[in-house]
Amino acid sequence: MTTRAALFIGLSLAATMVSAQEIKPGSAFLSPEMLRQQSDEARNPGFLWVEQGGELFSRRSGGAPACIACHAGPERSLKGAATRYPQVDAASGKLLNLEGRIEQCRTQRQNEPAFGYESPELLGLTAYVASFSRGLPMAVATEGAAKPYLEAGKAFYERRQGQLNLSCRQCHDGLVGEKLRGDTISHGIGTGYPAYRLEWNGVGSLHRRLRACSLGVRATQFDYGAPDYLALELYLAARAKGLPLESPGLRR
Amino acid sequence: MDPGSTCSRPGQLALVLATLLATPAGALEAYTIAGDAIPAPLGGEIGDPARGRALVLDRTRGNCLICHRVPVPDEPFQGTIGPPLAGVGARLTAGQLRLRLVDTSLLNPETVMPPYFRTEGLRDVAPQFRGLPALNAQEIEDVVAYLVSLRTP
């Protein structure tokens with residue numbers, strides 16, 4: 001029993017040390033070849049989505065003004081915008097991620113039907129807007145109205161879930177650098193999303209990645225854009241504060 | 001019902017012995033813990049090592065290779081999260097292996113190793129898995145039989 005007690009102390013010390021360790025961007029866990037490919041606009045397939053998003057951004061649809069009518073010179077006017085999402089929408093008090101903000105512009109300012117999560121249009125526009133923040137430090141607000149959302153996200157991150165009874169934290173703090181099958185476990189901060197995943201053969205949103213982790217532990221998959229995942233996204237972004245946004249990332 | 005609740009503190013384990021009462025229909029087979037082992041086969045089933053090996057490798061069933069290495073050289077991408085399973089049959093008895101598969105959290109509450117024979121105290125389980133153990137009694141015995149056969153480190 002004494003050995004067991006010693007083991008527990010050892011384990012909790014290890015846990016403290018892990019949580020104090022420095023959080024690294026997702027690219028720090030890529031193979032050198034994938035890292036080179038991610039950095040190279042000509043070879044990173046995610047930039048095809050960025051390009052398509054760029055076309056949509058300046059195209060009028062129906063009678064509505066194009067995005068560019070309100071956001072002229074997006075490489076300047078939207079520079080850094082993505083680093084501040086998710087954020088609380090002042091009017092509704094709801095937490096919005098970048099996809100949510102784009103859909104809000106689409107439905108309320110352009111009076112057009114929403115594109116829908118994971119549609120090529122929304123992925124393209126999100127990747128396009130995010131690309132103006134490539135390399136800039138994540139800077140989400142975590143105080144005031146954001147605080148309850150942040151706390152809900154943290155609680156989600158830390159609780160065991162699913163038939164395999166694992167929390168996000170057990171993998172993405174406790175097992176960073178270990179191999180899960182062929183994957184190297186990262187800090188799971190998601191700053192490369194929307195990202196091109198080889199497994200998807202295309203670009204997908206962060207919520208699509210979160211659904212994959214939920215399924216991995218045989219837990220409930222929440223809907224795209226669900227409040228649970230939004231709060232989680234805010235917590236991940238808060239963990240990533242100061243780290244560079246990397247979208248469009250390239251992932252296995 | 002929840003074996004964890006009868007023996008959730010490590011100190012109690014050393015003293016042994018939650019005998020679980022016969023369970024209602026649909027519930028998991030009862031088992032008795034002695035020390036850090038479950039000595040008797042679950043439901044009295046007899047394990048088959050070949051079926052156990054298949055369950056260990058199957059990504060939709062045991063999926064043990066996400067975390068463990070096993071002495072099966074033609075399996076690429078074996079995990080490094082848990083201890084390698086080569087030689088585990090020489091290190092642990094069948095009863096000790098059984099308890100570790102059923103619910104390692106009985107020994108280590110912080111463990112990463114999933115409970116393969118437990119349905120209580122889990123949250124947000126995906127609908128298709130709800131109320132079911134990850135492996136049933138027969139399957140646990142099959143996997144135990146396979147692990148017992150891994151004697152060379």
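Treat the numbers as computed from the prediction; the structure is a model and nothing was measured.
- Under a 4.0 Å N-O distance rule, the pair A:Glu33/A:Arg36 qualifies as a salt bridge.
- Salt bridge annotation for B:Asp103-B:Arg118: present, with a cationic side-chain nitrogen under 4.0 angstrom from a carboxylate oxygen.
- The part of A:Leu166 that comes within reach of chain B is its side chain, from C-beta onward, which places non-hydrogen atoms under 4.5 angstrom from that chain.
- Top candidate by heavy-atom pairs under 4.5 Å with chain A, chosen from B:Cys67, B:Ala126, B:Ala134, is B:Ala126.
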Check residues 72-86 of chain B and write down every donor-acceptor pair under 3.5 Å in which the side-chain atom is one partner and the other belongs to a residue at least two apart or another chain.
residue	atom	partner	partner atom	Å
B:Glu75	OE1	A:Arg181	NH1	3.4
B:Gln78	OE1	B:Val70	N	2.7
B:Gln78	NE2	B:Val72	O	3.1
B:Gln78	NE2	B:Glu75	O	3.1
B:Thr80	OG1	A:Glu178	OE1	2.6
B:Thr80	OG1	A:Lys179	N	2.8

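- The shortest side-chain heavy-atom distance between B:Arg98 and B:Pro39 does not fall under the 4.5 Å cut-off.
- For B:Arg130, the part sitting under 4.5 Å from any heavy atom of chain A is the side chain, from C-beta outward, and nothing else.
- Contacts between residues 142-153 of chain B and chain A, defined by a heavy-atom separation under 4.5 Å, are made by no residue at all.
- Comment: B:Asp58 does not engage B:Arg61 in a salt bridge, judged by the lack of any side-chain N to carboxylate O separation of less than 4.0 angstrom.
- Between A:Cys168 and A:Gln161 the shortest side-chain heavy-atom distance falls below 4.5 Å.
- By the 4.5 Å heavy-atom criterion applied to side chains, A:Asn165 and B:Pro114 are not counted as neighbours.
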